[in-house]
2 protein chains.
Amino acid sequence: MENKSEICLPTCSVDYAFKRIGGKYKGRILWYLHDHKTLRYGALKRILYDVTTKMLTQTLRELETDNLIIRKVYHEVPPKVEYSLTETGGELIPFIDHLRQWGDRQIEKENRKL
Amino acid sequence: MENKSEICLPTCSVDYAFKRIGGKYKGRILWYLHDHKTLRYGALKRILYDVTTKMLTQTLRELETDNLIIRKVYHEVPPKVEYSLTETGGELIPFIDHLRQWGDRQIEKENRKL
DNA sequence: CTGCATCCCGTACGATACTG
DNA sequence: CAGTATCGTACGGGATGCAG
């Protein structure tokens with residue numbers, strides 16, 4: 001069942017992981033949730049300024065289904081929903097953080113060239 | 001071919017990084033190139049068994065333009081082209097590896113549930 | 001062997017309006 | 001406030017054929 005990284009079956013773990021966090025907003029959502037510990041729907045939407053309600057809701061549902069984030073509903077008026085990372089989702093933070101630092105360096109490089 | 005990165009305004013470095021390695025095959029290509037040090041076009045195509053020539057060529061060009069891989073052409077008959085990681089591309093390997101291990105754990109979890 | 005050109009399609013994503 | 005619902009579109013990606 002376990003296979004070496006060399007010969008990848010249809011369930012290549014690199015491929016698998018990228019599919020789970022590879023959406024247009026997923027990386028940023030996970031990062032922001034880590035950064036703020038917990039965020040309400042509206043706050044998330046403001047930070048991801050270019051996202052539509054449809055995409056935000058859809059993406060949040062996928063992350064929830066994949067057990068990367070927790071959706072906590074407060075039964076109040078007006079409604080209040082808070083999102084936060086699960087433990088499994090939190091395990092991705094080191095990766096995203098290093099990726100972010102790498103991105104910073106590349107952006108700096110490009111700026112020096114211009 | 002225009003490089004679409006020029007329009008990429010600095011939304012955030014997480015977004016920037018994901019755009020650079022977020023394609024359907026980019027993560028796997030980078031990983032395999034690290035695993036094998038260097039790979040020919042045909043070998044890559046075999047390993048990524050489900051990729052078309054169009055997508056493979058297109059993805060390799062993007063990675064090359066982004067300075068993540070090196071394309072070395074041997075002027076022979078028949079043609080021979082070898083791909084390998086750049087230093088910048090190599091910097092991503094630890095994080096892809098981290099992601100891969102995370103993916104492995106998730107796949108295992110799912111298998112135990114079934 | 002390593003690609004490029006063309007045609008085609010599904011779905012990821014966007015815009016807008018509406019609701020509990 | 002936190003979403004649905006609906007419609008429309010652009011682009012990622014597949015299949016096939018041809019070329020140096």
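Since we're looking at a predicted model, the values are computed, not measured. Per chain, numbering begins at 1; letters A, B, ... match sequence-line order.
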**Asked** Going by an N to O cut-off under 4.0 Å, is there a salt bridge joining A:Lys109 and B:Glu87?
**Response** no
**Prompt:** Taking atom P of D:dA10 as reference, at what distance in whole Å does atom NZ of A:Lys24 sit?
**Reply:** 14 Å
**Asked** Whole Å only: how far is the CZ atom of A:Arg61 from the P atom of D:dA5?
**Response** 11 Å
**Request:** Send over the distance from A:Leu39 CG to D:dC1 P, rounded to a whole Å.
**Result:** 15 Å
**Fill in**
Whichever of A:Pro79 and A:Thr57 has the more 5' nearest nucleotide on DNA chain D, that residue is A:Pro79
**Message:** Taking any atom closer than 4.0 angstrom to a non-hydrogen atom of chain B, what span of DNA chain C does the protein reach, first nucleotide to last?
**Reply:** C:dC1 to C:dC7
**Asked** With a 4.0 Å cut-off on heavy atoms, is B:Tyr83 in touch with a base, just the backbone sugar-phosphate, or nothing at all?
**Response** sugar-phosphate
**Asked** Which whole-number value in Å describes the distance from B:Glu76 CD to D:dG20 C1'?
**Response** 15 Å
**Item:** Among D:dG13, D:dC1, D:dA2, the one nearest A:Tyr41 by side-chain distance
**Value:** D:dA2
**Request:** May I ask you to verify whether the side chain of B:Lys54 and the base of D:dG14 hold a donor-acceptor pair under 3.5 Å?
**Result:** yes
**Request:** Could you check how far CE of B:Met55 sits from C1' of D:dT16, rounded to whole Å?
**Result:** 16 Å
**Prompt:** Do B:Thr57 and B:Tyr41 have a side chain donor and acceptor closer than 3.5 Å?
**Reply:** yes
**Message:** Within the 3.5 Å criterion, strictly below it, is a donor on A:Asp104 or B:Ser13 matched to an acceptor on the partner's side chain?
**Reply:** yes
**Asked** Taking atom P of D:dA2 as reference, at what distance in whole Å does atom CD1 of A:Ile47 sit?
**Response** 13 Å
**Any side-chain donor near an acceptor of the partner, B:Gln106 and A:Tyr16, under 3.5 Å** = no
**Prompt:** Counting just side-chain N and O atoms, does A:Arg46 come under 4.0 Å of either OP1 or OP2 of D:dC1?
**Reply:** no
**Prompt:** Which whole-number value in Å describes the distance from A:Glu82 CD to D:dC1 C1'?
**Reply:** 13 Å
**Prompt:** Mapping B:Asp50 and A:Val81 onto DNA chain D by nearest heavy atom, which one lands closer to the 5' end?
**Reply:** A:Val81
**Request:** Using the closest heavy atom to pick a nucleotide of DNA chain C for each, name whichever of A:Val51 or B:Arg71 lands nearer the 5' end.
**Result:** B:Arg71
**Request:** Could you tell me whether A:Glu91 and B:Arg105 have a side-chain N and a carboxylate O separated by less than 4.0 Å?
**Result:** yes
**Prompt:** Between atom NE2 in A:His75 and atom C1' in D:dA2, what is the gap in whole Å?
**Reply:** 13 Å
**Message:** Please find the pair of heavy atoms, one from B:Leu60 and one from B:Ile69, that lie closest to each other, and give the distance.
**Reply:** O-CD1, 3.5 Å
**Message:** Can you work out whether A:Thr53 or A:Gln58 has the more 5'-proximal nearest nucleotide on DNA chain C?
**Reply:** A:Gln58
**Request:** Using the six-membered ring wherever Trp is involved, compare the ring planes of A:His36 and A:Tyr32 and label them parallel, tilted or perpendicular (cut-offs 30° and 60°).
**Result:** perpendicular
